[in-house]
J.: 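After the structure tokens below, expect a handful of questions from me.
As the structure lists them, so they are numbered: ligands from 1, and atoms in each ligand from 1. In what follows, every heavy atom counts, from backbone to side chain, and hydrogens, waters and symmetry copies are set aside.
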Amino acid sequence: MSAQPQTATEGRYPVTGAGLGLRLELIDEMRVDPPTQVDFIEVAPENWIGVGGSRGKALRHFTERYPLVCHGLSLSVGGPAPLDDAFLAALKRFLDTHGARAYTEHLSYCGDFGQLYDLMPIPFTEDAVHYVAARIRHVQDVLERRIGMENVSTYAAPAGELTEIEFLNAVVDEADCGLHLDINNIFVNSRNHGLDAAAYLDGIPAPRILYAHIAGHFREHDDLRIDTHGEDILPEVWDLLDAAYARYGVFPTLLERDYNIPPLAELLEEVDEIVARQRRWQAAEGSHVA
Ligand SMILES: [Fe+2]
């Protein structure tokens, strides 16, 4: 963990500093040479619930050494199928067992009674706000904790009555849940839908932030960005992270990388970049206070 604690985020957030997703491809290297710049780790609980043996022990090794946050894949909070209470019970046991500091999901849906393994856009309507908020409240009741919802990247915008940012605010207010802010997804949607990323950032329910994601995406065209998590982070997305820190102060931020995973040392350069930007803005905040 960082030799210098990220004190500016202590207390307000469930974790602090810079995070990295724990992936099977990285586990051996991270065990031999634990990265000191990583303050917290993230896993998708669906990939680990019920996993025993050497992999289960490996997970325990890391969750005993790093604060853990969980980012789910299959809740389908906006979907038509009933929520899976058996899954939620198993999820609660997993979160409790590993002392997870936060559980977040996507503000989207990923199937009906089947599983599409994709994140589909919820129509931005008042009815959908009430429907999704009620389901989030149910999840929070079963898990006995507040959860976080992540703004997702989309490629189509179903007809709706609200803007994306209005929908996001309405859902988290009515559900009284946290916000899992994804900086890259704001940028991707700004290009895909012609939105103003800075205006979006101005409108987020910032006091509800639990932590943030930053990631790389694929530039198919200037107005078609694919949220692959398989590329290096683009300068414009780093700039948006800076704009968010400038607007709201430093918050915990995790590097998402799911495909084209480079050697650990290369990946850690982007974690180092998060840390450097956090320290820069913390120093600026300190100078304002002084
Ligand atoms: Fe994300």
J.: Starting at CG of Asp232, measure out to CG of Leu267 and round the result to the nearest 0.5 Å.
T.: 9.0 Å
J.: Looking at the Fe ion (ligand 1), which N/O/S atom of Asp182 is the nearest one?
T.: OD2
J.: Can you tell me, to 10 degrees, how wide the angle at the Fe ion (ligand 1) is between OE1 on Glu256 and ND1 on His213?
T.: 80°
J.: Keeping the roles fixed (side chain from Tyr200, backbone from Glu164), state whether a donor-acceptor pair exists under 3.5 Å.
T.: no
J.: Give a yes or no on whether the backbone of Asp182 and the side-chain of Asn151 come within a donor-acceptor separation of less than 3.5 Å.
T.: yes
J.: Is the distance from the ring center of His213 to that of His229 below 6.0 Å?
T.: no
J.: The Fe ion (ligand 1) to Asp227: any N/O/S contact under 2.8 Å?
T.: no
J.: Suppose we only allow N, O or S atoms; which atom of Glu150 ends up nearest to the Fe ion (ligand 1)?
T.: OE2
